[in-house]
Amino acid sequence: MKFFPEKCKIEDKPMHPFIDYNEIWQHINNTKPEKQWIRDIIKKSLNKERLTLKETAALVNTNDADLIQEIKQGAKELKEKIYGNRIVLFSPLYIGNKCINNCNYCGFKSTNTYTLRKTLTDEEIKAEVETLESKGQKRLIIVFGEHPDYNAEYIAHVVQLIYSVKKNKGEIRRININAAPFDVDGFKEIKKSGIGTYQIFQETYNPQAYKWYHTGGKKADYEWRLTALDRAQEAGLDDVGIGVLFGLYDWRFEVLGLIRHTIHLEACYNIGPHTISVPRIKDASGLKYDNKYQVNDEDFKKIIAILRLAVPYTGLILTARESAELRNECLKYGITQIDGGTIIELGGYSQPKFKNNDQNLNNKQFKINDTRSLNDIIKELIEADYLPSFCTACYRKSRTGEHFMEISRPGHIKNLCTPNAILTLAEYLLDYATPDVQQLGWKKIEKELSKLEQYHNIHELKKRLELIKNGERDLYF
Ligand code: SAM
Ligand code: SF4
């Protein structure tokens, strides 16, 4: 296994974590955000180059209100340049909340006796998936606590089960997972089942804070978690997502930690993370949390803009932990994927007794703040001139692993992403949308088509749209 061949001072200690606490703080403490330099950094990013730790530290240290505005504006421009106006939609599906770990911030921690423990049966999973399909979902992230019951074989079984569920015209076309780290063999098993992205959050890159928050179970081992994606890569699983739980430690350190992790993956495997998630801590049953590092909304928006600029080629995910208003605003600064119609109670999609605003924290991992339906989210996206997308084409055409693809291949967005977004939106409008959303949606499609007049495949796109209107499904480029 190729561990840490990157050029850094820890290079000669193969299992030493690549995160160096002092190195990160030195960057933060010794980097001055000179105005011209910040502008040059934004320009570099607009040229689609990943930023260094030092450059990211300069952005993180920027406190001048006008310069922060320029950072946000740069992020907005970059997003439009690389990703266009499309927003990818998905839905989380909680499978089981048994957990051997004791993460102080999480409602599922083992010492929380108030949480109702449950693992969905195969029948219950089927019912959940059918309900999700009947709303129009095509992409899921399935979520598990860490428990011997949720081993790689079980997770692979759940993935295959979900792919097999088809209700009317509905089907799940891409399943990502958020689960505890495995050994190499475990990752191989998971990869075989046909997952999209394997997502794991380091929670905090500071080993001391990590120790304080993770007081029991396997997750207490900082290095085992930090090196999870190295094992995933060795197993051939190269589509990975990273994240931290903002609020556990100083956000400036965590942003640099994410970039350091990205640099490590790029240097060792030639592939950065497919996505970065930005969960921010929310209320939870039994929450034990030092709010000294709480991230306010203004800093949170700045974090998103900085991450957008720092890693131009990586998708940014913002979940329903945040309010609709904040999510809508953050779309501008670089978010590319959001969940919609989210219910995180176990079995909550198929059992109407679970309402997300019921506030009973013992039924869920944490409180969510955006309970809009998928239909409402799509409506608001279209009204704000975004193009909602359920596209799963790249993964199914084996266009994976090339995370520079969207920026390295000119025309990727115009030739593939936008047409696929249009085709998947058309399916949604025909099969699931309310009449008002249908009306808005077809207008939006017309508008997008008119922008594609010079597109070499416009006739084929229009032909496929007609086929979809006539009942065919799952057509993509
Ligand atoms: N058990 C797996 C693990 O720990 O890797 C799956 C993770 S958990 C089901 C998904 C993520 O939710 C965690 O990695 C953590 O970042 C986040 N999370 C946990 N408690 C939270 C809280 N109170 N507020 C917001 N996010 C939280
Ligand atoms: Fe368990 Fe994950 Fe919650 Fe920690 S964050 S208690 S590992 S479910």
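Position 1 is the first residue of the sequence, and the numbers go up from there. Reckoned from all heavy atoms, side chains included, excluding hydrogens, waters and symmetry mates. Every number for a ligand or one of its atoms is a count from 1 in the order of the listing.
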**OP:** Salt-bridge test for Lys98 and Asp149: reply yes if a basic N is under 4.0 Å from a carboxylate O, no otherwise.
**Re:** yes

Original post:
Atoms of ligand 2 less than 4.0 Å from Lys109 heavy atoms?
Top reply: 6 (S)

**OP:** Indicate yes or no: does Glu130 engage Lys166 in a salt bridge with an N to O separation below 4.0 Å.
**Re:** no

Original post:
Got the closest protein heavy atom to atom 27 (C) of ligand 1, with its distance?
Top reply: Phe366 CD2, 3.5 Å

Original post:
Salt-bridged, Lys167 to Glu133, with N to O below 4.0 Å?
Top reply: no

Subject >> Asn102 side chain to Thr111 side chain, donor-acceptor N/O pair below 3.5 angstrom >> reply: yes

Subject >> Phe144, portion touching ligand 1 at heavy-atom distance under 4.0 Å >> reply: backbone

Original post:
If you measure from each non-hydrogen atom of Tyr105 to ligand 1, which part falls under 4.0 Å: side chain, backbone, both or neither?
Top reply: both

**OP:** Give a yes or no on whether the backbone of Cys103 and the side-chain of Asn101 come within a donor-acceptor separation of less than 3.5 Å.
**Re:** no

Subject >> For Val143, the ligand 1 atoms whose distance to one of its heavy atoms is below 4.0 Å >> reply: 9 (C)

Original post:
Heavy atom under 4.0 Å from ligand 1: found in Cys106's side chain, backbone, both, or neither?
Top reply: both

Original post:
Which protein non-hydrogen atom lies closest to atom 14 (O) of ligand 1, naming both residue and atom, and how far is it?
Top reply: Glu203 OE2, 2.6 Å

**OP:** Considering the heavy atoms of Cys99, write down every atom of ligand 2 situated less than 4.0 Å from one of them.
**Re:** 1 (Fe), 6 (S), 7 (S), 8 (S)

Original post:
So which heavy atom in the protein is nearest atom 24 (N) of ligand 1, and how far is it from that ligand atom?
Top reply: Lys282 N, 2.9 Å

Original post:
Any ion pair linking Arg372 and Asp370 (charged N to carboxylate O, less than 4.0 Å)?
Top reply: yes

**OP:** Look at atom 4 (O) of ligand 1 and find which of Glu146, Lys219, Gln202 reaches it with the closest heavy atom.
**Re:** Lys219

Subject >> Val244, Leu287, Asn178, Asn104: member with heavy atom nearest to atom 10 (C) of ligand 1 >> reply: Asn178

Original post:
Do the numbers put Lys282 on top of the ring of Phe366, so that NZ or CZ is under 6.0 Å from the six-membered ring centre and no more than 45° off the axis?
Top reply: no

Subject >> Short N/O/S contact of Cys103 with atom 4 (Fe) of ligand 2 (below 2.8 Å) >> reply: yes

**OP:** Go through ligand 1 atom by atom and flag the ones less than 4.0 Å from a non-hydrogen atom of Gly145.
**Re:** 1 (N)

Original post:
Under 4.0 Å from ligand 1, counting heavy atoms only, is it the side chain of Arg321, its backbone, both or neither?
Top reply: side chain

Original post:
So does Lys81 pair up with Glu77, basic N to acidic O under 4.0 Å?
Top reply: no

**OP:** Consider only side-chain N and O atoms of Glu254 and Tyr249, and report whether a donor and an acceptor are under 3.5 Å apart.
**Re:** no

Subject >> atom 3 (C) of ligand 1 - nearest protein heavy atom and its distance >> reply: Arg225 NH2, 3.5 Å

Original post:
Are Asp297 and Arg280 within salt-bridge range, i.e. N to O under 4.0 Å?
Top reply: yes

Subject >> Contact atoms of ligand 2, heavy-atom distance to Gly145 under 4.0 Å >> reply: 8 (S)

Original post:
What atoms of ligand 1 come within less than 4.0 Å of a heavy atom belonging to Ala284?
Top reply: 23 (N)

